[in-house]
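One structure below.
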Amino acid sequence: MINFLQLAHFYVRKILSRGGVAIDATVGNGNDTLFLAKTVGEVGLVYGFDIQEQAIQVTKERLENEGQAKQVQLFLYPHQQPWSMVLPKSLKGNIDAVMFNLGYLPHGDQSIITKPVSTISACQQALAWLKPRGLVTIMLYTGHEGGEEEAEKVLAWSRQLSADRYSVVLHQRLNRTHAPMLVVINKLDDKKPSQKKS
Ligand code: SAM
């Protein structure tokens, strides 16, 4: 069975290639950061945010061990804060892909979780920094306290995005309770609004 993390990578690979620019908005143990770094190669750029020193350290070591650190910059910085404070402003509107993997740090402090208001604020920034045809992936978990509420709020926010500007897809396993969900948001090309049904 393809899990949703692999599915998120599948989508990102369709958009992101060697020399591209990507953001991991929730670095955690670095699985997605490493994947993004390998995808863009040493000529690309990856930026990562996390609020836990442990996540930044573990990921830094992992990237170094894999020879993938050169193209990655990690920030101990909350993703809801202005990205323009840490990222080159020239990248606004030029990011290929942004990945979110919500919830708590696996093998870490499970009381430190992503929260609905800050998550949505970060997702809004992600859309603003994305290039046309760029992609945002959001992995949602409902098994932990606060997860259900966060998932509901993120889904409600995703649903109200303009259909002319974004394609929004939800992957959800229907025959398992508390299964993760994957939201994939594709920014549409400005010149080509989606066709409306007559
Ligand atoms: N993508 C990661 C991986 O591949 O290992 C897993 C991410 S983990 C599920 C969620 C991470 O989000 C945690 O490391 C947590 O510290 C981080 N986080 C929580 N709130 C945050 C915030 N406001 N800004 C940035 N990161 C945050």
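In listed order, ligands and their atoms are each counted from 1. Count residues from 1 along the sequence.
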Nearest neighbour in protein (non-hydrogen) for [atom]:
{"atom": "atom 17 (C) of ligand 1", "answer": "Asp50 OD2, 3.3 Å"}
{"atom": "atom 8 (S) of ligand 1", "answer": "Tyr104 O, 3.4 Å"}
{"atom": "atom 24 (N) of ligand 1", "answer": "His79 N, 3.0 Å"}
{"atom": "atom 2 (C) of ligand 1", "answer": "Val27 O, 3.2 Å"}
{"atom": "atom 20 (N) of ligand 1", "answer": "Ile51 CD1, 3.4 Å"}
{"atom": "atom 5 (O) of ligand 1", "answer": "Asn29 N, 2.9 Å"}
{"atom": "atom 23 (N) of ligand 1", "answer": "Gln80 OE1, 2.9 Å"}
{"atom": "atom 19 (C) of ligand 1", "answer": "Thr114 CG2, 3.4 Å"}

Inset, instruction - Would you check whether Ser118 reaches within less than 4.0 Å of ligand 1, judged by its heavy atoms? - result: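 The answer is no, since Ser118 has no heavy atom less than 4.0 Å from ligand 1.
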Inset, instruction - Check whether any heavy atom of Leu5 sits under 4.0 Å from an atom of ligand 1. - result: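 Contact absent.
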Where ligand 1 meets [X] - atom numbers and elements under 4.0 angstrom, heavy-atom basis:
{"X": "Gly103", "answer": "10 (C)"}
{"X": "Pro78", "answer": "24 (N)"}
{"X": "Asp32", "answer": "1 (N), 4 (O)"}
{"X": "Ala25", "answer": "25 (C), 26 (N)"}
{"X": "Gln52", "answer": "15 (C), 16 (O)"}

Legend entry - ILVMFWY cluster, Leu140 and Val136 together (side-chain gap under 4.5 Å):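 The answer is yes; both residues are in one hydrophobic cluster.
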For the student: nearest non-hydrogen atoms of [X] and [Y], plus distance:
{"X": "Ala97", "Y": "Val12", "value": "CB-CG1, 4.0 Å"}
{"X": "Leu127", "Y": "Lys187", "value": "O-NZ, 2.8 Å"}
{"X": "Asn3", "Y": "Leu5", "value": "OD1-N, 3.0 Å"}
{"X": "Leu63", "Y": "Ala37", "value": "CD2-CB, 4.2 Å"}

Does ligand 1 have a heavy atom under 4.0 Å from the side chain of [X], from its backbone, from both, or from neither?
{"X": "Ala122", "value": "neither"}
{"X": "Tyr141", "value": "neither"}
{"X": "Met139", "value": "neither"}
{"X": "Thr33", "value": "neither"}

Legend entry - Single hit among Leu182, Asp32, Thr26 for side-chain contact (heavy atoms from CB on, under 4.5 Å) with Met139: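 Considering Leu182, Asp32, Thr26, a side-chain contact (heavy atoms from CB on, under 4.5 Å) with Met139 is found only for Leu182.
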Inset, instruction - Give a yes or no answer on whether the side chain of Gln125 reaches the backbone of Gln81 with a donor-acceptor pair at less than 3.5 Å. - result: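 Confirmed, Gln125 side chain pairs with Gln81 backbone.
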Legend entry - Check: Trp157 and Ser121 side chains under 4.5 Å, non-hydrogen atoms: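 Ser121 does not reach Trp157 side chain to side chain.
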Inset, instruction - Evaluate the side-chain proximity of Tyr47 to Val86: yes if any heavy-atom separation is below 4.5 Å, no if none is. - result: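 Contact flag for Val86/Tyr47 side chains = no.
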Inset, instruction - Walk me through it: do Asp24 and Thr33 pass the test side-chain hydrogen bond (donor to acceptor under 3.5 Å, both in side chains)? - result: CA-CA 6 Å; Asp24 187 349; Thr33 317; 2.7 Å; yes
Legend entry - Thr26 N/O under 3.5 Å from ligand 1 N/O: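 Indeed, backbone or side chain, Thr26 has an N or O that close.
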Inset, instruction - Identify which of Leu34, Val58, Ile56, Asn101 has a heavy atom lying nearest to atom 10 (C) of ligand 1. - result: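 Answer by nearest heavy atom: Asn101.
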Legend entry - Whether over 12 other heavy atoms sit under 6.0 Å from Gln6 CD: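 More than 12 within 6.0 Å, yes.
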Inset, instruction - Look at the aromatic rings of His9 and Phe35 and report parallel, tilted or perpendicular, splitting at 30° and 60°. - result: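 His9 vs Phe35 ring planes: parallel.
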Inset, instruction - On the 0 to 90° scale, with breaks at 30° and 60°, tag the Phe4-His171 ring pair as parallel, tilted or perpendicular. - result: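 Because their plane-to-plane angle is over 60°, the rings of Phe4 and His171 count as perpendicular.
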